[in-house]
**Student:** 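Let me give you the structure first, and then I'll get to my questions.
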Amino acid sequence: NESASFPIRRKDEFGEISKALRDMNESLAKAERARKQLLSDVAHELRTPLMIVQGELELAQETGDTLSPDKQSSILDEVYRLSRLVHEVLDLSKLEAGMTELRPGEENLSSLLEELADKIRFLAEDKQIRLTLDGPEEEVRVSVEKPRILQALYNLLTNAIYYTNPGGQIRVSLERAIVPDKQRPYARIRIEDSGVGIPEADLPHIFDRFYRADHARARPSGGTGLGLAIAQQNVLAHQGWIDVRSVVGKGSEFAVYLPVLPSSSQD
Ligand code: ADP
């Protein structure tokens, strides 16, 4: 009877198929757990600012008092925080799902860093932090979507400023780097600060969304705990990565690696 014969070509084929199905099941379960975790993290993060806004407005309604300018601006701060959070979560989940299509263009990292340092210098000066930029004179060309790489570097630099005490130092440097086991040349941007540092136990987690090394020290407002996750995803989307080294009480160094394009002067 022809139709009854099941076309098993090799005797281990069943085993292979069931293993593949098991693997698929496991990764689906993992994705489902990650989705639930994100949902609960986001709900948790939204709750506090929402409760503040709700509380203030209800109080004003009950008492019939008008809101003082101070109250108005603190409510507005919470609303800004909420909308930043929503925007960042959306952007991050698109990046993580690989749903972001990059529109890269050829950029010179040296000038990109100068542009960023000029924009940010006033933040450092406000805290009497010395910000220096060391880079090669020649061009370091990369193929990137400029706003995404600017955002990644902006997040790293504003963290460096935030987690460094007044009077400290931040050094940004750019160089070409040969990376073992990698066939192509890379550009390395280092952001070194003389700040508070990150405990060793926290280092493996700081790129996780909503993770903050020390809750007491974490930004009272402003920070969402998404800055590093977004920076990392943006850089990963460009076939690069971010490394970190840190010593508590001494400072931190974040290194961003990006593939460089061959330039006429070097290659
Ligand atoms: P946040 O909004 O809290 O800054 P990030 O994702 O940018 O979130 O950073 C995650 C955590 O990593 C921070 O809460 C902080 O504990 C730690 N961190 C990041 N950058 C630095 C730095 N330059 N120095 C010390 N700690 C840092």
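One-based numbering, in listed order, for ligands and for the atoms of each. Predicted model only: the values in this text are computed from it and were never measured. Both backbone and side-chain heavy atoms feed into the values below; hydrogens, waters and symmetry mates do not.
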**Student:** Against ligand 1, does Asn155 come closer than 4.0 Å with any heavy atom?
**Tutor:** no
**Student:** Roughly how far, to the nearest 0.5 Å, is CD of Glu138 from CZ of Arg176?
**Tutor:** 6.0 Å
**Student:** Tell me if a side-chain donor or acceptor on Asn108 pairs with a main-chain N or O of Val140 at a distance below 3.5 Å.
**Tutor:** yes
**Student:** Please report whether ligand 1 has a polar contact with Val196, defined as an N or O pair separated by less than 3.5 Å (distance criterion only).
**Tutor:** no
**Student:** Kindly indicate, with the supporting measurements, whether the criterion salt bridge (Lys or Arg N to Asp or Glu O under 4.0 Å) is fulfilled by Arg148 and Asp91.
**Tutor:** CA-CA 11 Å; Arg148 295 213 164 262; Asp91 192 45; 3.2 Å; yes
**Student:** Between Arg209 and Leu92, which heavy-atom pair has the shortest distance, and what is it?
**Tutor:** CB-CD2, 3.9 Å
**Student:** Over all heavy atoms of both residues, which pair between Gly197 and Ser252 is shortest? Give the atoms and the distance, please.
**Tutor:** CA-OG, 3.6 Å
**Student:** Take every heavy atom of Tyr162, measure it against each atom of ligand 1, and state whether any distance is under 4.0 Å.
**Tutor:** no
**Student:** For Gly225, take its heavy atoms, then give the atoms of ligand 1 lying under 4.0 Å from any of them.
**Tutor:** 1 (P), 2 (O), 3 (O), 6 (O), 8 (O)
**Student:** Find all atoms of ligand 1 within a distance of less than 4.0 Å from any non-hydrogen atom belonging to Phe254, and give their numbers and elements.
**Tutor:** 20 (N), 23 (N)
**Student:** For ligand 1, is there an N or O atom under 3.5 Å from any N or O atom of Leu228?
**Tutor:** yes
**Student:** Kindly give the heavy-atom pair with the smallest separation between Ala229 and Asp208, and that separation in Å.
**Tutor:** CB-C, 4.3 Å
**Student:** Applying the side chain to side chain contact (heavy atoms under 4.5 Å, CB included) test to Val256, which of Asp243, Asn234, Ile189 qualifies?
**Tutor:** Ile189
**Student:** Find all atoms of ligand 1 within a distance of less than 4.0 Å from any non-hydrogen atom belonging to Tyr211, and give their numbers and elements.
**Tutor:** 10 (C), 11 (C)
**Student:** Kindly state each residue pair satisfying ring-ring contact (aromatic ring centres under 6.0 Å, His included) with at least one member in residues 166-208, sequence neighbours excluded.
**Tutor:** Tyr186-Trp241, His205-Tyr211
**Student:** Closer than 4.0 Å to some heavy atom of Arg212 - which atoms of ligand 1 meet that?
**Tutor:** 3 (O), 14 (O)
**Student:** State the atoms of ligand 1, each with its element, that fall below the 4.0 Å cut-off from a heavy-atom position in Ala160.
**Tutor:** 23 (N)
**Student:** I'd like to check which ligand 1 atoms, numbered from 1 as shown, lie under 4.0 Å from a non-hydrogen atom of Gly227.
**Tutor:** 5 (P), 6 (O), 7 (O)
**Student:** Evaluating non-hydrogen atoms only, which member of Leu203, Asn159, Ile206 is closest to atom 17 (C) of ligand 1?
**Tutor:** Ile206
**Student:** Strictly under 4.0 Å, does any heavy atom of Gly195 approach an atom of ligand 1?
**Tutor:** no
